[in-house]
Each structure stands twice: as C-alpha cells, then as structure tokens.
Amino acid sequence: MELSQRPTVLITNDDGPLSDESPFLETFVRALQKELGWDIRVCIPACQRSWIAKAFLVNEPVVLKEFEPSADIGKKKGCWYTASGTPASCVNIALNHLFPDVNLVISGPNLGSNVANTCAMASGTLGAAMEAAIDGKKAIALSFAFFNRDISNDKVQNACRIACSIIEKLWEADAWKSSKTSVFNINIPLITNPEPPIYITKMGTSRFGSLYTRLEDVDKSSIINPVTGLQINSCKVDSSNLSKSQKQLRLAVDDANDTDLEHLKTDTRTSVDGKNGATYVFSASVAIKSAAVEGTDIWAVHQKAVSITPLRPELYSLGNSGQASLWSRLGFTPLE
C-alpha cells in the first residue's frame with residue numbers, strides 16, 4: 001500500500017526552542033517545507049528536556065504558549081507552541097487538543113545520536129515518538145549524530161536533505177504498515193557526504209556506569225554540557241509558566257551553582273554514619289559503554305552511515321521462555 005496524500009506533520013523535540021542546544025528545529029522545518037511541501041505543526045518543550053524519556057510530570061500543570069518562528073518560515077496562526085511539560089506531554093496535548101488532523105509525528109532532529117538500548121530508554125526524543133505511536137500515529141525519532149564540534153551549516157543542510165528523502169520514501173510506501181513498525185528511529189551523521197550508506201539496523205546494547213560526578217570534583221569554570229559538548233544555556237522560561245515546585249527547583253539549582261566548592265569539600269561528603277550528604281551533577285558522557293557490533297545502530301553511526309531502526313512501543317515479553325520446569329518449581333503457573 002502506498003500513501004498518496006500529503007501528511008500533516010507534528011514536529012516536537014526534547015531540546016526545546018532554537019538555541020545552541022537546539023540548533024536544528026527551524027532548518028529542518030524549512031527543509032520539509034521546501035523539499036516536500038508538507039503542512040507543519042509544532043509543539044515543543046519550553047526548555048531543554050533531554051534524558052527524560054516518556055515521562056509525564058503529573059503534578060505539574062502544562063502551560064501552552066504560542067510563539068513565532070523566524071520570519072522566513074511559512075506558518076499559519078496557531079500552529080507553533082511551546083509547552084512547559086515534557087516531550088511526551090507535548091505530543092499528547094498536541095494530538096488530543098491542538099492538532100487532531102496530524103497523521104505523522106516527527107520527534108527531532110535531536111542534537112546528537114540516539115542509539116542502543118540505554119539511549120532508547122532514556123531519550124526524550126524517543127519518548128515523544130513512542131507516545132505518538134501509543135496514540136495511534138505513525139512516528140519517527142530523528143537524530144543528527146556528530147563526531148566533533150564542527151556542526152557547520154553545510155553538514156546540517158545535508159542531514160536535513162537526507163532526512164527529507166528518507167522520510168518521504170517511508171511515508172509514500174506506508175512503511176509502518178508493511179513492516180509492522182510503530183516508530184522508525186533514524187540516526188543521520190553530520191557529514192558532507194551527500195550519499196552515505198543507509199542501513200536498516202537492529203538496536204545495539206550498551207550499559208551505563210555512573211551517570212553522576214560529585215559536584216566538588218567538577219571544574220566549576222567549565223560550563224559545558226557533558227552530553228553535547230556545547231556551552232550550556234540557562235533554561236529561559238517565563239516564570240509565570242512555572243509551578244511553585246518548579247520555581248523551588250530552579251532556586252535550588254541556582255543555589256548549587258553559587259555554592260563555594262571549598263565548603264562542599266569539607267561539609268557535603270557522604271560519611272560512614274550518614275549524617276552528611278553530597279551533591280552530584282549529571283555527567284553521562286563518561287558513562288556510556290557501547291559495543292559497536294556489526295548490524296547495530298551503534299555500528300552504523302560509527303561507520304558514519306545512516307541508521308534506520310524499526311521499533312514498536314512495547315517492552316518485549318519473554319513469556320514462558322521455555323522455562324516451564326523453573327516456573328513450576330517456584331510455584332508459578334505459565335500461561336503459554
């Protein structure tokens with residue numbers, strides 16, 4: 001089956017509005033409009049929401065605000081929104097309250113790759129795409145993998161062009177139905193090669209070591225995102241969007257940033273009797289341990305190739321797993 005109608009597309013991400021940590025949003029929308037002529041709707045987090053998976057902040061109201069993209073982007077009124085919630089919240093609210101006519105959701109492009117089970121379970125980009133799939137929509141998680149800090153415009157434009165070509169082919173072939181896929185996780189390298197290999201891959205496996213570093217062991221003069229390698233920007237959100245608990249959290253972060261590290265060295269180390277505490281900061285860049293097994297998404301990205309990984313939004317159930325004797329010995333009744 002092929003789909004002839006042009007889709008109405010919802011774009012979301014986990015990197016938030018245009019910034020150093022979210023540099024691809026408008027460039028990608030321009031490419032979709034120019035290359036494919038598709039109708040675009042946007043609902044994105046009001047600030048950086050990476051590493052939040054498919055979470056919902058159930059005790060926090062989600063505040064929507066319409067915003068204006070750059071003047072050269074064609075848009076209809078009421079089509080671009082930020083939300084104070086998570087990427088999954090953006091998708092759920094957009095599909096059920098803002099844009100019921102959407103039939104394709106693209107989450108991304110993410111700044112950096114999303115490969116292997118560890119990233120898939122933690123990524124806000126994947127989480128938003130999974131939420132779309134659970135809501136019955138065709139979904140894509142799109143990430144641009146980089147290999148150094150050279151994220152030049154020609155590489156970004158090349159990645160956007162490749163992304164548009166792949167997405168158009170998937171849409172026209174209705175690849176979701178024919179392959180029984182819910183989400184295509186696409187990783188495109190930021191390179192100048194206009195025709196990199198495109199592989200259908202399986203998800204690699206990796207593991208985390210410690211994801212955190214004690215604050216007093218961090219160079220306070222370095223204000224670099226350990227995941228992206230880019231300068232960290234403050235999450236600038238209108239304070240009227242924030243709940244009391246969110247404001248308290250931001251004050252706590254500000255207090256931590258202003259803390260004298262010498263004071264931390266003497267007073268916040270964890271002691272044997274547990275009377276003292278400690279402060280830790282996220283430092284995942286030193287913690288991801290991946291094996292680039294051929295045929296996996298990790299391997300493809302290492303080859304500077306495009307990786308397309310078909311996924312479904314359920315955890316795979318092992319069921320009986322051929323271990324009937326084990327379950328019987330434990331007093332459990334296998335149903336298959």
Side-chain angles (χ1 to χ4, degrees), residues 8-22 24-26 29 40-69 75-111 114 121-137 139 141 183 225 227 232-258 279 281-282 313:
T8 298
V9 181
L10 172 66
I11 303 293
T12 191
N13 66 20
D14 69 357
D15 292 328
L18 187 65
S19 70
D20 288 344
E21 288 191 312
S22 182
F24 307 137
L25 174 65
E26 292 193 357
V29 170
I40 306 298
R41 312 286 186 265
V42 175
C43 187
I44 57 175
C47 66
Q48 242 280 355
R49 292 289 195 183
S50 294
W51 288 80
I52 203 164
K54 208 184 82 63
F56 297 98
L57 305 179
V58 296
N59 294 318
E60 306 291 349
V62 177
V63 179
L64 288 177
K65 288 198 171 182
E66 189 172 359
F67 78 102
E68 292 287 333
K75 67 174 282 286
K76 301 174 184 177
K77 184 173 177 58
C79 289
W80 286 61
Y81 289 89
T82 61
S84 61
T86 65
S89 300
C90 291
V91 170
N92 188 277
I93 291 173
L95 295 180
N96 291 287
H97 298 276
L98 298 175
F99 312 123
D101 58 335
V102 161
N103 41 29
L104 173 63
V105 176
I106 302 174
S107 181
N110 187 67
L111 176 58
N114 271 306
M121 298 295 285
S123 165
T125 302
L126 264 294
M130 289 297 181
E131 175 60 26
I134 288 171
D135 279 341
K137 303 297 184 181
V183 175
N225 184 312
V227 178
I232 291 175
N233 291 326
S234 298
C235 177
K236 293 180 172 61
V237 183
D238 187 337
S239 61
S240 64
N241 284 358
L242 302 179
S243 68
K244 180 178 179 181
S245 60
Q246 286 175 314
K247 291 176 183 177
Q248 289 172 338
L249 175 61
R250 294 190 68 185
L251 288 173
V253 170
D254 291 341
D255 288 344
N257 289 338
D258 293 337
T279 301
V281 293
F282 192 66

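Because the structure is predicted, anything quoted here is derived from the model rather than measured. Numbering of residues begins at 1 and proceeds along the displayed sequence.
- Between the CG atom in Leu111 and the CZ atom in Phe24 there is a gap of 5.0 Å [rounded to 0.5 Å].
- To the nearest 0.5 Å, atoms OG1 (Thr12) and CZ (Arg49) are separated by 12.0 Å.
- The backbone N or O of Thr125 sits less than 3.5 Å from a side-chain atom of Ser107, completing a donor-acceptor pair.
- Looking only at side-chain heavy atoms (C-beta outward), Val9 and Val102 stay at 4.5 Å or farther from each other.
- The structure places CD1 of Ile44 at 13.5 Å from OH of Tyr81, a figure rounded to the nearest 0.5 Å.
- Summarising the geometry of Val42 relative to Phe99, their closest heavy-atom pair is O-CE1, 4.1 Å, with the distance given to 0.1 Å.
- Relative ring orientation between Phe67 and Trp80 is described as perpendicular, the plane-to-plane angle rising above 60° on a 0-90° scale split at 30° and 60°.
- The distance from atom CD1 of Ile52 to atom CG of Leu57, rounded to the nearest 0.5 Å, is 5.0 Å.
- Remark: the Thr86 side chain and the Ser89 side chain contain an N/O donor-acceptor pair separated by less than 3.5 Å.
- For Ala83, the side chain to side chain contact (heavy atoms under 4.5 Å, CB included) partners two or more places apart in sequence, or in a different chain, are Cys43, Val62, Leu64, Cys90.
- Between the side chains of Glu21 and Ser19, no donor-acceptor pair is found at a separation under 3.5 Å.
- In this structure, Leu10 CG and Leu104 CG are separated by 9.0 Å, a value rounded to the nearest 0.5 Å.
- With sequence neighbours excluded, no residue forms a salt bridge (Lys or Arg N to Asp or Glu O under 4.0 Å) with Lys137.
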